[in-house]
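What follows is a set of notes on a single structure, which appears directly below.
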Amino acid sequence: MKKFLKVLLLAVVLAFLYFGFTTYPKLDLISGFSAKSVASGHFIDNRPLDLIEKTDNDIDMIDLAKNSIDEAGKFATSNVYGLKERKAIYREGLGAVLINDNFDVSKPYLLPKRTKLENNLPFPYGNNEPKDTAFSNVDYSKLKKAVDNAFDKTGGRIKRTRAVVVLYKDKLIAEKYDTGFNKDSKILGWSMTKSITSSAFGVLAKQGKIDIYKPAPVKEWQDDERKIITINDLLHMNSGLEWEENYSTICDATKMLFQAEDMGKVQLDKPAQFKPNTHWNYSSGTTNLLSLILRRQFKTQQEYLDFWYSAVIDKIGMNSMIVEQDMSGTFVGSSYGWATPRDWSKFGLLYLRKGNWNGEQILDESWVKYTVTPTNTSEGKYGAQFWLNAGGKFPDVPRDMFYCSGYQGQMVAIIPSLDMVIVRMGVREGDKSFDFNGFLKDIISSVKNKI
């Protein structure tokens, strides 16, 4: 018996040590992810806690967190085994922010000034309900089957699609939502937000207020080799700065999103590994650095807050959109944009129409062309904060397709040769769960005389 107890004690000690070395360092990130997800999902989209836990947070390790919501205080807290409790607070008009002990919750904050699009037009150019339109070259039964096939059958949990919206020739031709979601549901686009950030630079460039080919205006770089990095390099993820983005482990990206007070500074502080325009490296830190650079272009915080919405978002009637901030007040342009699937499709339509929105040129055509020009060393898969199919990632989809893409399979696909925008939002991606190539192929095949 004594020998058995010794073996048992040794096993417990070894298990504790294993937990300490492998899991404990992740607890802060786990509870951070969970608290932020709960606060945003509940207060932005009115999702109940059980739905968030079963659908948003049912990710390996994240599902270890225990969560609670304080309705009166408008915050969520999460911990793992009672350890590493994190808190995310909600502020109307700004969304949720994951905070630490240094954050002063009593400090007054500014809100972006919003303008709702009121033009009495049907969707997509207005916010009224879309008009029924029938195209003779669209096989609607085939289209419906393609859209239905993107969703799980009742009780299934493989494809995990939440929404599909299809625009063709400026008209809504298909739309479907999973149980618990509808046309008014605000869904996190994750890295699709990067494309919103790029658009803000596009407007500044159109206004002649910034030259993306000049060295980035980062005063912290002026005394070292990073001073030659341009905004163009940053937009193309080709700056040469050190960065690791691997969401399966503790890395630069996860520490930035769930621990940093000022997310823009995380990439700013990284050393140069390579010369600019020689090594493409996907980096959410780079996009948040771009957001910080954008912030520094304005004299006041209010001007910075307003610009994101007045320049693009509200201009095209994406009135549901909320881009959340970090603790320092910088928009998390890499990851935290929330909007309805319909509003995400409006953003795709803006680029399909080469920057023109119902007669107003919001972005120069040259900016859209710049956006879809492949980044050096990306093998045709990346442009300026947009993904490309130029390299043939989706073999059964036209090569001119470019798209916004986000974690867990968010997509706004823009296909100029087909005059089409396709939105898919969900909580799973990958060939074994959701086949994007097949999904896009099936929708495209429902339109005859496509090119």
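This is a predicted model, so every value here is computed, not measured.
- Using a 4.0 Å cut-off between charged nitrogen and carboxylate oxygen, Arg295 and Asp262 do not count as a salt-bridge pair.
- A salt bridge between Lys255 and Glu244 is absent, with no side-chain N of the basic residue lying under 4.0 Å from a carboxylate O of the acidic one.
- Between Arg86 and Asp28, at least one side-chain nitrogen of the basic residue sits less than 4.0 Å from a carboxylate oxygen of the acidic one, meeting the salt-bridge criterion.
- Cation-pi check for Arg342 over Phe123 is met; the charged atom lies under 6.0 angstrom from the ring centroid and within 45 degrees of its normal.
- Both tests do not hold together for Arg424 against Phe439: distance to the six-membered ring centre under 6.0 Å, angle to the ring axis within 45°.
- Relative ring orientation between Phe135 and Tyr168 is described as perpendicular, the plane-to-plane angle rising above 60° on a 0-90° scale split at 30° and 60°.
- Aromatic ring orientation, Tyr370 versus Trp367: tilted (interplanar angle from 30° to 60°).
- Contact check on Arg162 versus Asp56 returns a salt bridge, with a Lys/Arg side-chain nitrogen under 4.0 Å from an Asp/Glu carboxylate oxygen.
- Considering only residues two or more places apart in sequence or on other chains, Tyr336 meets the side chain to side chain donor-acceptor pair (under 3.5 Å) condition with none of them.
- Of all heavy-atom pairs spanning Gly426 and Gln410, the tightest one is O-NE2, 2.7 Å.
- Scanning both residues, Tyr140 and Thr133, for their nearest heavy atoms gives OH-O, 3.4 Å.
- Salt bridge annotation for Arg353-Asp170: present, with a cationic side-chain nitrogen under 4.0 angstrom from a carboxylate oxygen.
- Within the 6.0 Å centre-distance limit, the rings of Phe394 and Tyr403 are counted as a close aromatic pair.
- The aromatic rings of Tyr407 and Trp190 sit perpendicular to each other, their planes meeting at more than 60°, with 30° as the lower class boundary.
- Ring pair Trp387/Tyr282: centre-to-centre distance below 6.0 Å.
- Here Arg399 pairs with nothing under the salt bridge (charged side-chain N to carboxylate O under 4.0 Å, His left out) rule; sequence neighbours left out.
- Salt-bridge check for Asp148 with Lys145: failed, with every basic side-chain N at 4.0 Å or more from each acidic carboxylate O.
- Partners of Asp314 according to the salt bridge (charged side-chain N to carboxylate O under 4.0 Å, His left out) rule, which considers only residues two or more places apart in sequence or in another chain, are Arg114.
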